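The shown structure was predicted, so the numbers you read here are calculated from the model rather than taken from an experiment. Proteins come first, then strands; the chains are lettered A, B, ... in the order of their sequence lines, and each starts at number 1.
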Number of protein chains: 2
Amino acid sequence: MRPKLTLKQIAKELDVSISTVSKALRDSPEIGEDTREKIKAFAKFYNYKPNNIALSLKNRKTKTIGIIIPEIVHHFFTTVISGVEKVANEMGYNVIICLSDNSFDKEVINMEMLANGSTDGFIMSLAKETMQKGDYHHLIEVISQGMPLVLFDRVVDQILCDKVIIDDVLGAQKAVQHLIDIGCKRIALLSTVDYVSVGKLRTQGYKLALEENDFELDEDLILKIEEMEESEEKIEHFLKDKDVDGIFAVNEHFAISAIKYIQEHGKRVPEDVSVIGFTDGELSKRFIPSLTTVSQHGTRMGEEAARILIEKLEKTPGEDEQYRTVIVETGLVKRNSTKSLK
Amino acid sequence: MRPKLTLKQIAKELDVSISTVSKALRDSPEIGEDTREKIKAFAKFYNYKPNNIALSLKNRKTKTIGIIIPEIVHHFFTTVISGVEKVANEMGYNVIICLSDNSFDKEVINMEMLANGSTDGFIMSLAKETMQKGDYHHLIEVISQGMPLVLFDRVVDQILCDKVIIDDVLGAQKAVQHLIDIGCKRIALLSTVDYVSVGKLRTQGYKLALEENDFELDEDLILKIEEMEESEEKIEHFLKDKDVDGIFAVNEHFAISAIKYIQEHGKRVPEDVSVIGFTDGELSKRFIPSLTTVSQHGTRMGEEAARILIEKLEKTPGEDEQYRTVIVETGLVKRNSTKSLK
DNA sequence: TTTCAACACGAAAACGATTTCGTGCCAGTG
DNA sequence: CACTGGCACGAAATCGTTTTCGTGTTGAAA
């Protein structure tokens, strides 16, 4: 076992001082050409690489950014991560990932953990429980310490920071509008409960689209689901005696559960009922029928978030402290779960 | 903006020495009761937390483990990550994730990056390109520096280290055996090229099962696919005039592409052709027909890998240096893409 | 010959924490 | 009164870098 080479060892080996070695490696003109070459050759030969921890301590920068998300086994979040990773890598940053598991406590613990020197800034999407509690002291704490924070997807108005979101309202509205355009008359909404901001906003979009087309809002056509686990059951129960010809679901799973139920009960998708989901995952693409969805462009959100964060990190503090909210546009990907336009 | 509190500041504020503060906070009996209480009260009030970077430098441990995987937008890998995260969190470790993007160069760069003090050890699955090249100098380098390495899934015999794998041969064999059991006579294999170890091993299992049942091996029934992108096309071409009644695919995507083709050409799954995939993802579960698959238990692999790594990390070096290979059992999840046993 | 840059390098502080080893003071003992 | 031991605390080294500020040597100019 050969431990890592340090400046000190090089110095001893070549019989010069530590500072000389450091300067030589950083091409300081202070050092004579011959010693410089000698040191660089030695370092190269033994593959010297400076210790990141020491550098972090000295520079008070870690060159890593922390991502805190509710869960990772979820296509949307992984695309965001890969977007962040890509930009971070290009800019010489590392990415450290923590999962809150949708728990407030874990979110707080992870954040405090990372805030103690492990990362320079945060990119995060809030845990469901956090939004429910409305307790954001950990975010405020981190911001007040001067660490940049970029929220994405599950954001909250009370916190002043950069944000990357999609236009949930417009996305939902466009989806429902499409259902109306292809002739749907009774359109159901499968949503999550309102304290999850996306649920609320997408519901808004749903209502807006109905309104614009002079459809009457029927609260009986709206289902709000609390737990992922019970979704299938709830949806089946909900659809039991509803006579709908269009369904807008706020995620893939709800959409697919709905399609399954419909098909099992003698109707066809999209001939009898058109279904649109939200979030464009593998599932939507390969399901049969493939799903028409509002696509969220997770990768782009991740890239955007990373760019904003790194920009903040590399700007000398004090420069105009402005917070941006970037809205990543959604797209409507038309596939086979909706009728085509007449 | 209020910067983070340090020992030095507390010391100055309370007019004692830095060492006294440090000792007081760590409950050293050296410090008198009254000063100790005073310091602890102050620290608590101002929410002092030691700086991780400084601790890392001092202790020569970062308490973080590095994960390097080919890609993250892949259900299997995310389950592994969440398994690692879970165990790591319980043991007070952080997780830092890098993606190799299946590129050898990126894998090397990431590894060198993290090895310079950022992590205490590695959990990784090799990039396709790395296995193709057969160049593992970066792994050897890291191991020789005394950093524990745990390989999972895409592992390689030449490297001596701990490994967590599934029994690909047995998993494949069981799958094919099941096809035989339900009466399939002509069973095709959709595999990847051989330098991806899983492709090779699963092909072995396929052959083994045939052999055991005195089936004749027909090389024409084996398709090896190089690139994910061309898979759909290749599979369609391959199935064109093959008269098969069973298909074993080494992943979900191949399986689904096959099903699509079969259905589009007037045959039914599972009535005419039974299909089994590998890796139990969301897609398999919710596809129609839902897929019978060999499930890989990614979470368990992640947990296992993390446990092994942390154990190595916390063991004083020198203690018997033994490498383990843990085999996580696969399961055959029977769903609707295969006929039921007669 | 003296003086003064320029050159090439080293000593030391700093980042924030832990830890070893003093050290001053006081009480108790012979 | 002198000695010893324990208590409560501080100084300094350490981890591996970077960087500022010397400092000794040389060569050239006066």
What residues form a ring-ring contact (aromatic ring centres under 6.0 Å, His included) with A/Phe152, not counting sequence neighbours?
->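 Not a single residue meets the ring-ring contact (aromatic ring centres under 6.0 Å, His included) criterion with A/Phe152.
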With sequence neighbours left out, write down each residue that passes ring-ring contact (aromatic ring centres under 6.0 Å, His included) with B/Tyr46, or none if nothing qualifies.
->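 ring-ring contact (aromatic ring centres under 6.0 Å, His included) list for B/Tyr46, sorted by chain: B/Phe42.
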Just verifying a value: how many Å separate [X] [atom1] and [Y] [atom2], rounded to the nearest 0.5 Å?
X: B/Met91; Y: B/Lys63; atom1: CE; atom2: NZ; result: 7.5 Å
X: A/Ile97; Y: A/Ile72; atom1: CD1; atom2: CD1; result: 5.0 Å
X: B/Ile10; Y: B/Tyr48; atom1: CD1; atom2: OH; result: 6.0 Å
X: B/Leu25; Y: B/Lys23; atom1: CG; atom2: NZ; result: 12.5 Å
X: B/Thr78; Y: B/Glu71; atom1: OG1; atom2: CD; result: 10.5 Å

Checking all strands, does B/Thr6 fall into the base, sugar-phosphate, or nothing category for heavy-atom contacts under 4.0 angstrom?
->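 The residue B/Thr6 makes sugar-phosphate contact but no base contact.
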Quick one: does B/Gln132's side chain get under 4.5 Å of B/Phe104's, heavy atoms only?
->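 Not in contact.
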Minimum side-chain heavy-atom gap A/Val21-A/Val16 below 4.5 Å =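 Yes, close enough: below the 4.5 Å cut-off.
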What residue pairs, at least two apart or across chains, pass ring pair (Phe, Tyr, Trp, His ring centres under 6.0 Å) with a residue in residues 10-39 of chain A?
->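 Checked against ring pair (Phe, Tyr, Trp, His ring centres under 6.0 Å) - neighbours excluded - no pair reaches residues 10-39 of chain A.
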Solution key, residues 135-148 of chain B side-chain donor-acceptor pairs under 3.5 Å, sequence neighbours excluded:
unit_1	atom_1	unit_2	atom_2	d
B/Asp135	OD1	B/His137	N	3.1
B/Asp135	OD1	B/His137	ND1	2.8
B/Asp135	OD2	B/His137	ND1	3.4
B/His138	NE2	B/Glu107	OE2	2.8
B/Glu141	OE2	B/Gln145	NE2	2.8
B/Ser144	OG	A/Arg2	NH2	3.1
B/Ser144	OG	B/Glu141	O	2.9

Below 4.0 Å: OP1/OP2 of C/dC9 and any side-chain N or O of A/Thr35 |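 For C/dC9, OP1/OP2 do have a side-chain N/O of A/Thr35 under 4.0 Å.
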Just to confirm, is there a sub-4.0 Å distance from OP1 or OP2 of C/dA8 to any side-chain nitrogen or oxygen of A/Arg36?
->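 Answer no for this pair, as no side-chain N or O of A/Arg36 is under 4.0 Å from OP1 or OP2.
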Looking at A/Ser125 and A/Asp153, what are the two nearest heavy atoms and their distance?
->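 That closest heavy-atom pairing would be OG-CB, 4.0 Å.
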With sequence neighbours excluded, residues passing side-chain contact (heavy atoms from CB on, under 4.5 Å) with A/Lys86 |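 Scan of A/Lys86 (side-chain contact (heavy atoms from CB on, under 4.5 Å), adjacent residues dropped) gives A/Glu90, A/Glu303.
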To 10°, what angle do the rotation axes through the five end pairs on each side of the helix from C/dT1-D/dA30 to C/dG30-D/dC1 form?
->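 Here the helix ends are tilted 90° relative to one another.
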Quickly work out the B/Lys8 NZ to C/dT18 P distance and round it to whole Å.
->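 Rounding to the nearest Å, NZ of B/Lys8 and P of C/dT18 are 15 Å apart.
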Side-chain polar contacts of residues 50-59 of chain A - donor-acceptor pairs under 3.5 angstrom, sequence neighbours left out - could you list them?
unit_1	atom_1	unit_2	atom_2	d
A/Asn51	OD1	A/Ile53	N	2.6
A/Asn51	OD1	A/Ala54	N	3.0
A/Asn52	ND2	B/Met113	O	2.9
A/Asn52	ND2	B/Asn116	O	3.3
A/Asn52	ND2	B/Ser118	OG	3.1
A/Ser56	OG	A/Asn52	O	2.9
A/Ser56	OG	A/Lys61	O	3.4
A/Asn59	ND2	A/Leu55	O	3.2

Sequence-distant partners of A/Lys106, salt bridge (charged side-chain N to carboxylate O under 4.0 Å, His left out), two or more places apart =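 Only A/Asp101 meet the salt bridge (charged side-chain N to carboxylate O under 4.0 Å, His left out) criterion with A/Lys106.
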Residue-level proximity of residues 46-58 of chain A to DNA chain C when a heavy atom falls under 4.0 Å |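 Those residues are A/Leu57, A/Lys58.
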Scan residues 23-34 of chain A against DNA chain D and write down, sorted by residue number, each residue with any heavy atom closer than 4.0 Å; if none is found, say none.
->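 When residues 23-34 of chain A is checked for heavy atoms under 4.0 Å from DNA chain D, the hits, listed by number, are A/Lys23, A/Arg26, A/Glu30.
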Check DNA chain D against residues 9-18 of chain B and give the residues with a non-hydrogen atom under 4.0 Å, in numerical order.
->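 Only B/Val16, B/Ser17 qualify.
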Going 5' to 3' along DNA chain D, which nucleotides are the first and last within contact of chain A (any atom under 4.0 Å from a heavy atom)?
->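 It runs D/dC15 to D/dC21.
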